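A quick note: this is a predicted structure, and the numbers were derived from the prediction, not measured.
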There are 4 protein chains.
Amino acid sequence: MSPATRNEEARQAIIEAAFSLCAERGFAAVTIEGIAARAGVGKTTIYRWWPSKAAILIEAVENARDASAGYPDTGDIYADMVTQTASVMQMFTTEFGTIWRGLISAAQSDEPAAEGVARILRVSIDQCVARLAKARDAGQIRTDLDLELAVEIIYGPIYHTWLLRTRPLPEAYMETVLAALLPALTPAPASMA
Amino acid sequence: MSPATRNEEARQAIIEAAFSLCAERGFAAVTIEGIAARAGVGKTTIYRWWPSKAAILIEAVENARDASAGYPDTGDIYADMVTQTASVMQMFTTEFGTIWRGLISAAQSDEPAAEGVARILRVSIDQCVARLAKARDAGQIRTDLDLELAVEIIYGPIYHTWLLRTRPLPEAYMETVLAALLPALTPAPASMA
Amino acid sequence: MSPATRNEEARQAIIEAAFSLCAERGFAAVTIEGIAARAGVGKTTIYRWWPSKAAILIEAVENARDASAGYPDTGDIYADMVTQTASVMQMFTTEFGTIWRGLISAAQSDEPAAEGVARILRVSIDQCVARLAKARDAGQIRTDLDLELAVEIIYGPIYHTWLLRTRPLPEAYMETVLAALLPALTPAPASMA
Amino acid sequence: MSPATRNEEARQAIIEAAFSLCAERGFAAVTIEGIAARAGVGKTTIYRWWPSKAAILIEAVENARDASAGYPDTGDIYADMVTQTASVMQMFTTEFGTIWRGLISAAQSDEPAAEGVARILRVSIDQCVARLAKARDAGQIRTDLDLELAVEIIYGPIYHTWLLRTRPLPEAYMETVLAALLPALTPAPASMA
DNA sequence: AGTTAACCGAGACGGTACGTCGCGTCTTGTT
DNA sequence: AACAAGACGCGACGTACCGTCTCGGTTAACT
């Protein structure tokens, strides 16, 4: 009675084709036909399961990310932030960066894509918030700081520079940013009284 | 040189058509053919003067912005920042926001568009830097802060939230952000010693 | 032999679905998928037993025709011809006409369909030839006339007009045609000498 | 002010491509994409000017026919009929026959195609009627015969046999048919009285 | 005052990709 | 074993825009 069931091989092939095409040619140049051709699959099979190329790439990113590690925790929140943000910036320069840039671009006009992007980010943000909470409990972070906001303050400059392309991202960008932000993140010095 | 001169009426009509179409339907749904039809203009005329729809909208934004004022200056840098960022966030909710979002999206894969976006931003950033420099001279801002970086730190959170769509931008978002950032922007309190 | 026996219910349902779909939407709009859906049957079941939609409809026609009567025989060949051709022309205006037209259309490019059409016609032609033979034996038809040819001469004008659509078939078309053909069909008058 | 005008080269190429494809592979196997590819033309160009492949072939036939001759007239209507019908039957065996068969097939479910087929036939029928009228004036044809009907009686058997595929068309088919029809076509012998 | 060349509207053109439909084959349980 | 359900690779559909290319027509500076 069951319907013929979904073909997992095809799913994998499609996701990989989308990923590699986007990495090679950029998101704007990816077409459903191109993905189908590279995956050796009919267009129908793609349209049956995904509404857009963005949806495929979101799944690709979610798949790839599942294997990845969580937030570093050496006990030094500043060092861990530098480590983590550096790895994000490093990622921006890889094929993941190309794909992530494309997805953010798509999210500006495609509501489901925007939800996918937000869903992907949610995980990273939650991890970051959790790490910050731990640091706060350890007295390394101000107690009166909304940690969601802290994440936006920390990552905001990276995305501002990366997406608005006002200047190239310097290698040690986040060292500088975090140094500048430190007074806003760490507990205020004891008052005079 | 004769009637071989550019038709200013057509230029205006094209820019206005592009603007209104983008405002109504979103950047992704704008087409050169649609602009030509609404402007009552041949496609050739558009291609003669602009390389892409993004280029038209960049010119539209630059045109519209020429009339706008500079940075507020009441003497209180914090209040001025709140005012100015609030007006940016307000702009995001208007048709300019729609167009600006589209241009940023285009900039992710279209180099000339990226340059246009950066060029538009440059003016605002320079104004902001100038205002910050004045505040620094007035002792309201730390002297050891790269002001370009300060702009990224201040506007980063707005763009992070607006472009990545992780949550709606609260009305008083920047009051909160600037309050949190204050320790990082203002001169450090005199040391105890 | 167990459920490994052909499902007669399914066969009936398929034939009826094909028939009704063709009657409603015309042969060109009939699809195997549509038949399967209406018959509540898997596509496989159709492909297992028939090679094409034309084959199903040929079977449908043959089924429906099995119940039908032979050629009228009142003793007056002219009257019987008028009766019979009128009933054929009447049939053309019903859903059988729609299906028959479709099958003839298919027969132009589908060899098995052409054979099916010829097979269906064979029965009618043989009946007609038999009736004509009887009339010939009764002295109502020229003895030097190939009766197969006679059938083509009689039915040719109907099909010419019906298939080539040069004009609508008048109600009493065959009265006129047969009146005109009479001198060619009946024995020649005794010569003068 | 005029729009860019229609490209006559493209029109010719399309008609020739459709013609040759249909001749090679049969009407059912002709596709718009195939025509476009062979003609070196965009699909849009085809859809801009023709509603279907049948329409293209109708134009092809009309074009080709314009050059062709009229009805033979040796003074002997019987001989001329044999000549002309033989040339029609000869045509059926050529690529024109393939195309004509396809168009008649299409005409069964495509109203505009049916009109095109009828339009093409109209010319031939009118020529035939004119020739018959001349013969009637010369006393070779009964005066009480509707000549349109006569055409249907004469060509009916050919089309019956050719389209219904009940048997192959013998070489000298129409000699036999016309011989059989003679008594119905020629003036009746003087009555006895 | 007439000539003329760049610009303009209109839109046809060769293409690419779209998203859909139906094909005929296949796979997966169910009966 | 035959069946329903339906996923699959495939090919064609008819449409939307792309960017290029004629077409006349209309101007405005330069003979």
* Asked: For B:Glu9, does the CD atom have more than 12 heavy-atom neighbours from other residues, nucleotides or ligands under 6.0 Å away?
  -> no

* Of the options C:Val61, C:Ile15, C:Val30, which is the one that meets C:Ile56 in a side chain to side chain contact (heavy atoms under 4.5 Å, CB included)? -> C:Ile15

* Does the side chain of A:Phe92 reach to within under 4.5 Å of the side chain of A:Arg101, using non-hydrogen atoms? -> no

* Give the ring-plane orientation class for C:Phe96 versus C:Phe19, where under 30° counts as parallel, over 60° as perpendicular and anything between as tilted. => perpendicular

* Asked: Are D:Ile104 and C:Gln108 side-chain neighbours, meaning at least one heavy-atom pair lies under 4.5 Å?
  -> no

* Asked: Between C:Arg11 and C:Trp49, is NZ or CZ placed under 6.0 angstrom from the six-membered ring centre and within 45° of the ring axis?
  -> no

* Residue pair A:Leu121 / A:Trp100, side-chain heavy-atom distance below 4.5 Å -> yes

* Structure fact -> Separation of F:dA1 atom C1' from C:Asn7 atom CG, nearest Å, is 12 Å

* Nucleic acid contacts - residues 32-57 of chain B versus DNA chain F, non-hydrogen atoms under 4.0 Å -> B:Ile32, B:Glu33, B:Lys43, B:Thr44, B:Tyr47

* Counting only non-hydrogen atoms, which of residues 8-31 of chain D are less than 4.0 Å from DNA chain E? -> none

* To do: Taking the side chain as every heavy atom from C-beta outward, state whether C:Pro112 and C:Asp110 have any pair of such atoms under 4.5 Å apart.
  => yes

